[in-house]
Each structure stands twice: as C-alpha cells, then as structure tokens.
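Values below: every heavy atom of this structure, side chains too, minus hydrogens, waters and symmetry copies.
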Amino acid sequence: MVRVVFHFVGVLGIASFLILTSALPCRAQSSYHSMTQFSIGGEGGWDYISVDSRAKRIYVSHGKEVEILDEDSGKSVGVIPDAPGVHGIAIAPDLKRGFTSNGGDGSVTIFDSETLKTIRKVRANDPDFILYDPFSKRVFPMNKKITVLDATTGETAGELDLGGDPESAVSDGRGILYVNLADKGAVAVVDVQALKVTKTYPIDNCVSPHSMAYDAAGQRLFVGCRNATLAVVDSLTGKVVAHQQTCSGVDAGGFDPDNKLVFISCSEGVISVIHEVSPDFYELVDTVKTELWARTMALDPITKKIYLPTADIETSATPDPKRPFVRKIKPGSFRVLVVGP
C-alpha cells in the first residue's frame, strides 16, 4: 500500500514539474568568445571606443588622437589628430560628420566621417562622454553643464545643466536623452529641444551608475552600476523593475535587440552577458573572458561583434614615499580585442 501511494505521488510530481517547466521560457545560450585582436601600439591611455557599422570603421580614443581602424582587417585607415585627452567619439551618419570630446583642452573636434579631415574645433565645457542625437541633430559633450552643439553648423545651440556628474547617455530617437548621474545614483531625463532636465529617476541599489544601454521596443534602460549590479529601469516611469549581478569594474555596455542580450564590460577582464527573458525578467547567461583593463566597449548592431581597447599595465617602484608605486601603460601594447558569437 505504501509503495502504491509513493509511486502515485511521484507520478503526479513529475507531471506537475513537466507542466511548470514547459511554461518557462527557454534559457538563452551565448556563444560569445574572444576572436582576435588588432594591434595599434604607440603610447598613451584610452577611454571610449565607437563603431560605425555602415562604414565598417572603428574609432578608438588614444592619448592625443583618435585611431581609426577597418572593422574587418583591423588595419589603420586614418587618424584624427590634435585631440588632447580625447575621451569619446560620436558619429552622425546622416550628416557624414564625427565629433570627438577632448578633455585635455576643453574642445570638440568636428571631422568629415568620409574623408576623416578635420572641419573645425570648437570650445566645450570640459567634455567627457559624447553623444549625437539624431532627432534634434545636436551633439552633447557630457559635463555637469553641457555646451550643446548644433551638429550641422558646429555652433553652440545652448547650455544644459544636468545637476550631477554624467557618465554615459542614450537617446530614444524621439526627443529624450537618458543620462547616468554617477554622483547622484540617478538617471536624468532630458528634453533635447528645451535643453532641460524634466525628471530625475533615483536608482535603488546602484552605486555610481556608469554604463547605459536602451531597449527601445521594451522601453527599458540598462544601467550598469559600480557595485556589480545591472539595474533595469522602466524609461517611462523610472521604476526599477529588475536587478541582476554583473562583473566588477563596470564601465560600458550595449544591447542587442535581435537576440535580447545585454552586455556589460568590466575592468576585471570579462563581459557579463544577460538575457532579457521579458521586459521585467533577466538572467545572467554567460561570462566571457577578455583581458584586464578592457573596460570600455562598442557593439556593432549588424555583425554583433564587440570591440574593447586595452593595454598591458606595469607597476613600478618610485623614490617618492607618497607614491611608492605607480602604474604605467607598457609602450607598444595598446590593442583592440574582438569578441563575437
């Protein structure tokens, strides 16, 4: 009798388990891996990297200039010079122009994205991250107080006071920018025409939001935080709908809408790959090994490849008791890693 009851309950349990699991979404698989690397060499540090998938070019900030590589071969196709302390590069394909944010001399270099010739340099308020908004055709070289530029003329279109220290931003393509405020643990919502912050979304359990990506269809913001957390935010309401563990030292991110994958690159030498099961449910599906200090990235939305700049870092002793050890970039070691499916 006991055996019969046990067997009967077991069958019901298995049936229930099959019913429950069949209702769950399939776990996404990631085939991302390191593919190759493009050697650049030289000296100097780096910050952001951008990719122009239409022209198949990669733009890499490097010391006082921008290195431009062919996306297929990795060979140099040109350089944007005279960009001291360059942080980032924004490309406006519709205008055939590019823009670099130069922190060293507080300027933006405007160049022809076809010929790679410099058009002009304009003053900007100590720019860091830089973004082109196709809706307003304006350029936003990020700072607490942004000198906003008209992308067609290069003239100043106005000033935007964010009220906090920005790290990265995305455009919804319809007149709104979302900007991470690292010192506030929040996201600023910006009207690109009025040049005003209309709302500020506080992000709970998020220390120093750094990376930002956007799912236009799901209306979700993916905010990478320095406490190894991804915060998923409803872009319309500001509600944090999900958290997900990430790698340590997050600095950049991207989103592939075709495969519903969020990518977070970290200085510890990995990329966290997170699957968007639904707009409110996410799961970590892969941790892709890269290299130490490969903290910034650019995702090509067509090829799905990811590009990450890095270099070898050496630690050496100094006679200064206040700074007994310093880290330096090993000359000639600068390169771009290529990761893909």
Side-chain angles (χ1 to χ4, degrees), residues 40 42-51 58-68 79-92 97-111 113 116 118-133 138-151 154-170 177 179-184 188 190 208-212 226 249-253 265 267 293-298 307-311 313 326-329 334 336:
I40 295 177
E43 297 184 7
W46 72 93
D47 201 350
Y48 297 104
I49 180 172
S50 300
V51 59
I58 305 169
Y59 294 83
V60 192
S61 61
H62 188 203
K64 298 180 179 180
E65 60 189 25
V66 175
E67 311 275 1
I68 307 165
V79 171
I80 306 299
D82 190 23
V86 59
H87 287 286
I89 309 96
I91 305 299
R97 286 191 170 192
F99 308 84
T100 73
S101 54
N102 311 323
D105 63 359
S107 71
V108 169
T109 300
I110 305 173
F111 63 92
S113 61
L116 304 180
T118 298
I119 297 172
R120 62 183 295 196
K121 286 184 71 173
V122 296
R123 301 296 301 171
N125 185 26
D126 193 19
D128 191 344
F129 182 87
I130 189 168
L131 177 142
Y132 167 67
D133 172 53
R138 288 175 170 175
V139 179
F140 294 78
M142 293 293 165
N143 188 277
K144 288 184 178 181
K145 292 186 177 180
I146 304 173
T147 305
V148 182
L149 303 176
D150 183 321
E155 300 296 327
T156 300
E159 189 174 82
L160 169 61
D161 189 345
L162 289 173
D165 186 15
E167 269 297 331
S168 56
V170 294
L177 293 188
V179 186
N180 279 337
L181 302 180
D183 60 336
K184 302 294 184 181
V190 175
S208 188
H210 265 59
S211 72
M212 172 84 81
R226 278 293 167 93
V250 57
D251 209 31
S265 59
S267 58
W293 314 115
R295 67 190 191 279
T296 56
M297 60 161 277
Y307 301 96
L308 309 96
T310 191
I313 308 296
V326 295
R327 286 176 175 160
K328 293 183 179 180
I329 298 172
F334 186 57
V336 172

Apply side chain to side chain contact (heavy atoms under 4.5 Å, CB included) to Val250 and Arg226, showing your working.
-> CA-CA 6 Å; Val250 57; Arg226 278 293 167 93; 4.3 Å; yes

Test Ile130 against Val139 for side chain to side chain contact (heavy atoms under 4.5 Å, CB included), laying out the working first.
-> CA-CA 7 Å; Ile130 189 168; Val139 179; 3.7 Å; yes

Pair Val79-Glu67, side chain to side chain contact (heavy atoms under 4.5 Å, CB included): steps then yes or no | CA-CA 5 Å; Val79 171; Glu67 311 275 1; 3.9 Å; yes

Given side chain to side chain contact (heavy atoms under 4.5 Å, CB included), test Phe129 with Asp47 step by step and report yes or no.
-> CA-CA 9 Å; Phe129 182 87; Asp47 201 350; over 6 Å; no

Decide yes or no on side chain to side chain donor-acceptor pair (under 3.5 Å) for Asp251 and Ser267, but give the supporting numbers first.
-> CA-CA 7 Å; Asp251 209 31; Ser267 58; over 6 Å; no

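Taking CG of Asp150 as the start and CZ of Arg138 as the end, the distance is 7.5 Å to the nearest 0.5 Å. If you take CD1 on Ile89 and CZ on Phe111, they are separated by 7.5 Å, rounding to the nearest 0.5 Å. Taking CG of Leu131 as the start and OG of Ser168 as the end, the distance is 9.5 Å to the nearest 0.5 Å. Residue Tyr59 holds its OH atom at 5.0 Å from CD1 of Ile68, rounded to the nearest 0.5 Å. The structure places CD1 of Ile110 at 6.0 Å from CG of Leu149, a figure rounded to the nearest 0.5 Å.
Other residues, nucleotides and ligands contribute more than 12 heavy atoms inside 6.0 Å of the NZ atom of Lys121.
Considering Leu177, Val190, Val179, Leu162 as possible partners of Ile146, the one that fulfils the side chain to side chain contact (heavy atoms under 4.5 Å, CB included) test is Leu162.
Val122 has its side chain out of reach of Thr156: every pair of non-hydrogen atoms, C-beta onward, lies at least 4.5 Å apart. Looking at heavy atoms from C-beta onward, Ile329 lies in side-chain contact with Ile313 at the 4.5 angstrom threshold. In this structure, Trp46 and Thr296 have side chains that are in contact, with non-hydrogen atoms separated by less than 4.5 Å. Within the 4.5 Å cutoff, no side-chain heavy atoms of Val108 are placed close to those of Arg120. Residues Val51 and Ile49 are not in side-chain contact: their nearest non-hydrogen atoms beyond the backbone lie 4.5 Å or more apart. A heavy-atom distance below 4.5 Å is not found between the side chains of Val86 and Lys64. For the pair Asn143/Pro127, no side-chain contact is recorded, criterion being any heavy-atom separation below 4.5 Å from C-beta on. Annotation: side chain of Trp293 is in contact with side chain of Arg327 (closest heavy-atom distance under 4.5 Å).
Minimum heavy-atom separation, Ala92 to Phe99: CB-CE1, 4.1 Å. Closest approach of Gly98 to Ile91, counting heavy atoms only: CA-CD1, 4.1 Å. When every heavy atom of Met142 is checked against every heavy atom of Ala169, the shortest pair comes out as CE-CB, 3.6 Å. A pairwise comparison of heavy atoms in Ala182 and Glu167 identifies CB-CG, 3.7 Å as the closest pair. Looking at every heavy atom in both residues, Ser211 comes nearest to Asn180 through O-ND2, 2.8 Å.
Between Lys328 and Glu43 no salt bridge is recorded (no basic side-chain N to carboxylate O distance below 4.0 Å).
For the residue pair Asn125 and Thr147, no side-chain donor N or O sits within less than 3.5 Å of a side-chain acceptor on the partner. A side-chain donor-acceptor contact under 3.5 Å links Thr109 and Asn102.
Side-chain atoms of Asp183 come within 3.5 Å of backbone N or O of Asp165 as a donor-acceptor pair. In this structure a side-chain-to-backbone donor-acceptor pair under 3.5 Å is missing from Arg295 to Gly249. Between the side chain of Ser61 and the main chain of Gly88, no donor-acceptor pair closer than 3.5 Å is present.
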